[in-house]
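I'd like to ask you about the structure that follows.
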Amino acid sequence: MISIAWVLFSLFGFLQAIQLPPQTVLLNVPALSVLGDNATFRDIATPFNPTNTTPPFFQVWDSRFLDILGPKPRVRIIAQSTDGFEFAHEAPIWDPIEDQVFFASANIGPPLGNVNATTNNDIFVINLKDVKDIPGPQNITWTQVPINPPVQVVNGGTPFGDKLLFVGNGRENLPPTVTLVNPRPPFNSTTLLDNFHGRQFNSLDDVRVHPKSGAIFFTDTEYGFLGGFRPPPQLPNQVYRLDPVTREVHVVADGFVITNGITFSPDGNTVYLSDTGSCCFGDEFTGFNSTEPSTIYAFDVDPQTQRFLNRRTFVWADTGIPDGFQADSNGNIYASTKDGVQVYDPTGVLLGKIFIGSNSANNVFAGNGRMVVMAETMIVLVEFAANGSLVELT
Ligand SMILES: *[C@@H]1O[C@H](CO)[C@@H](O)[C@H](O)[C@H]1NC(C)=O
Ligand SMILES: *[C@@H]1O[C@H](CO)[C@@H](O)[C@H](O)[C@H]1NC(C)=O
Ligand SMILES: *[C@@H]1O[C@H](CO)[C@@H](O)[C@H](O)[C@H]1NC(C)=O
Ligand SMILES: *[C@@H]1O[C@H](CO)[C@@H](O)[C@H](O)[C@H]1NC(C)=O
Ligand SMILES: *[C@@H]1O[C@H](CO)[C@@H](O)[C@H](O)[C@H]1NC(C)=O
Ligand SMILES: *[C@@H]1O[C@H](CO)[C@@H](O)[C@H](O)[C@H]1NC(C)=O
């Protein structure tokens with residue numbers, strides 16, 4: 001009988017023999033599965049880079065990742081702060097009309113972010129037309145978007161018709177909100193929701209629009225309290241559905257330590273939700289508690305009620321937390337984690353990583369064949385063969 005290991009080794013040899021695209025490293029998964037008694041094993045915060053290749057590059061864990069990369073993939077830093085400011089944290093929204101990406105800076109106090117009792121975080125925009133066709137890192141300009149009235153500590157965003165849909169953490173006693181923003185000057189905003197039947201939410205984290213019904217789904221969590229700029233949570237960390245017309249709002253899923261990212265499969269029949277309870281030691285951001293969840297769960301979306309049913313473990317991320325994520329047009333999931341972006345097939349098998357070697361909080365497809373990764377002090381542009389699945393800004 002031919003052993004599985006022999007088949008895998010032969011496959012690895014075959015794949016090594018074929019020409020790999022640029023910036024791509026094939027991992028020898030069978031060899032990596034035994035490190036030996038004297039190996040240095042790592043912890044949750046240390047990225048796994050057994051190749052010694054300098055990031056950013058593509059780690060191939062499954063040969064199907066080569067179809068996602070296509071023949072000419074490229075991954076580059078296109079903007080980078082030099083003072084440690086985490087200007088590129090969350091809420092990325094691609095605007096196909098101007099080819100811009102809107103995004104939010106870190107929801108944390110100085111020096112990484114600007115959030116405190118008197119200061120909000122920032123919304124910035126970059127224009128992808130500014131990216132030059134040169135190899136290696138570059139530094140395109142990011143400019144502030146003066147939303148009026150401002151949304152307090154934006155942390156999640158997605159397109160909504162011709163508007164940007166943001167969720168904000170709130171700040172001090174200012175409530176968390178679900179808010180629409182005009183992507184053009186004067187960047188006026190209209191809040192759709194700032195309470196649950198009179199009670200403030202904890203701190204809204206991420207948001208998506210169901211591709212068929214157009215209803216808004218958002219996660220509520222306690223990061224504002226953990227970050228020291230919101231009062232102690234008054235509600236469970238759970239997930240809500242908001243009807244944008246009637247403004248009816250109700251809970252669709254609970255039972256999380258700390259809710260975080262949300263996205264739908266392209267057909268809207270499955271929803272993915274992360275629980276990032278491992279983010280912290282108790283009430284402190286002082287380290288990862290690796291025995292708590294770093295997990296994305298999958299649920300069926302009930303066709304009638306759109307409640308989230310049949311919860312199952314989709315993936316457990318090996319490095320840091322699976323923060324924000326997106327689905328491609330084939331239903332693969334691109335999760336931002338502490339080593340970059342991890343790509344899983346719809347059954348939860350790790351296909352490969354866009355390996356950055358440091359934290360990424362979210363990412364967004366910028367049309368067919370492009371992805372923009374929020375990597376805190378960096379923005380990374382990926383060019384490959386995958387396409388996004390979100391209903392685009394009009
Ligand atoms: C591990 O290190 C010990 C002490 O240096 C050595 O005796 C042993 O042979 C090593 N084991 C392996 C598998 O390399
Ligand atoms: C990129 O530009 C920003 C502001 O324009 C600047 O603060 C930063 O130092 C620049 N980064 C590099 C790597 O030069
Ligand atoms: C809040 O943060 C801003 C920006 O980092 C800083 O200028 C300001 O002094 C801080 N204010 C307080 C009260 O800590
Ligand atoms: C911005 O203002 C215009 C003009 O009053 C209005 O039509 C539009 O709905 C506003 N957009 C938002 C998001 O508030
Ligand atoms: C880590 O989480 C476990 C529960 O999974 C808890 O018992 C433990 O106290 C936590 N550790 C810290 C340092 O917060
Ligand atoms: C992505 O879109 C392009 C058209 O822009 C198409 O040629 C290609 O087949 C699509 N790729 C996938 C994986 O669907």
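The model shown is predicted, which means the values in this text are computed figures rather than measured ones. Atoms within a ligand are numbered from 1 in the order they appear, just like the ligands themselves.
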| Those atoms of ligand 6 less than 4.0 Å from some heavy atom in S329 |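 Result: 14 (O).
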
| Does ligand 2 have any atom that is closer than 4.0 Å to a heavy atom of F85? | no

| Which of the atoms in ligand 4, numbered in the order shown and given with their element, are less than 4.0 Å from a heavy-atom of N182? |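 Ligand 4 atoms under the 4.0 Å threshold to N182: 13 (C).
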
| note | Near T190 (heavy-atom distance under 4.0 Å), the atoms of ligand 4 are 12 (C), 14 (O)

| task | With rounding to the nearest 0.5 Å, note down the distance linking CD in E292 to CD1 in I321. | result |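 CD1 of I321 is found 12.5 Å from CD of E292.
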
| task | Report yes or no: does a heavy atom of A385 sit under 4.0 Å from some atom of ligand 6? | result |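 For ligand 6, residue contact (heavy atoms, under 4.0 Å) with A385 is present.
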
| task | Please report which non-hydrogen protein atom sits nearest to atom 9 (O) of ligand 4, along with the residue it belongs to and the distance in Å to one decimal place. | result |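 Atom 9 (O) of ligand 4 sits closest to the protein heavy atom K163 CE, 4.0 Å.
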
| request: Examine the proximity of ligand 6 to D328 and report which part, side chain or backbone, both or neither, has a heavy atom under 4.0 Å away. | output: neither

| message | Which label fits F264 and F308: parallel for a plane angle under 30°, tilted from 30 to 60°, or perpendicular past 60°? | response |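 Answer is perpendicular, since the angle exceeds 60°.
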
| said: Less than 4.5 Å apart, side chain to side chain, heavy atoms only: is that true for L226 and I258? | reply: yes

| said: To check your reading of the model: name the closest protein heavy atom to atom 3 (C) of ligand 2, its residue, and the distance in Å. | reply: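 Ranking protein heavy atoms by distance from atom 3 (C) of ligand 2, first comes W142 CH2, 3.6 Å.
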
| Atoms of ligand 4 less than 4.0 Å from L180 heavy atoms? |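 Counting atoms of ligand 4 from 1, those under 4.0 Å from L180 are 13 (C).
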
| Could you go step by step and tell me if Y334 and F325 meet the ring pair (Phe, Tyr, Trp, His ring centres under 6.0 Å) rule? | CA-CA 5 Å; Y334 296 65; F325 37 91; over 10 Å; no

| said: Using only atom types and a distance under 3.5 Å, with no angle test, would you say the side chain of H210 pairs donor to acceptor with the backbone of I216? | reply: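 A pair under 3.5 Å: no.
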
| When the ring planes of Y297 and F299 are compared, do they come out parallel, tilted or perpendicular, using 30° and 60° as the limits? |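 Y297 and F299: perpendicular rings.
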
| Protein non-hydrogen atom below 4.0 angstrom of atom 11 (N) of ligand 2 present |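 Within 4.0 Å: yes, protein heavy atom nearby.
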
| query | Considering only heavy atoms of N330, which atoms of ligand 6 have at least one such atom less than 4.0 Å away? | reply |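 Here the atoms of ligand 6 in question are 13 (C).
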
| task | Just need the protein heavy atom nearest to atom 4 (C) of ligand 4, so name the residue and atom and give the distance. | result |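 Protein heavy atom at minimum distance: N188 ND2, 4.6 Å.
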
| message | Quick test: of every protein heavy atom, which one is nearest to atom 6 (C) of ligand 2, and how far off is it to 0.1 Å? | response | N139 ND2, 4.3 Å

| task | Classify the angle between the aromatic ring planes of F87 and F124 as parallel (below 30°), tilted (30 to 60°) or perpendicular (above 60°). | result |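 Perpendicular.
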
| Proximal atoms of ligand 2 relative to Q80 (non-hydrogen, under 4.0 Å) |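 It comes down to these atoms of ligand 2: 1 (C), 8 (C), 10 (C), 11 (N), 12 (C), 13 (C).
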
| said: Under 4.0 Å, heavy-atom basis, I'd like to know which part of S189 is in contact with ligand 4: side chain, backbone, both or neither. | reply: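 Backbone only.
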
| query | Are R311 and F256 in a cation-pi contact, defined as NZ or CZ under 6.0 Å from the six-membered ring centre and within 45° of the axis? | reply |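 Judged by the rule, R311 and F256 form a cation-pi pair.
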
| request: Going by the side chain to side chain contact (heavy atoms under 4.5 Å, CB included) test, name the single residue among I93, I126, I123, D122 that passes it with F103. | output: I126

| message | Counting non-hydrogen protein atoms only, what is the nearest one to atom 13 (C) of ligand 2? Give residue, atom name and distance. | response |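 Atom 13 (C) of ligand 2 sits closest to the protein heavy atom T82 CG2, 3.5 Å.
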
| query | Who gets closest to atom 14 (O) of ligand 6 by heavy atom: N387, D67, N368? | reply |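 Nearest option to atom 14 (O) of ligand 6, by heavy atoms: N387.
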
| ring pair (Phe, Tyr, Trp, His ring centres under 6.0 Å) between Y240 and F201: does it pass, once the steps are laid out? | CA-CA 11 Å; Y240 298 83; F201 294 102; 4.9 Å; yes

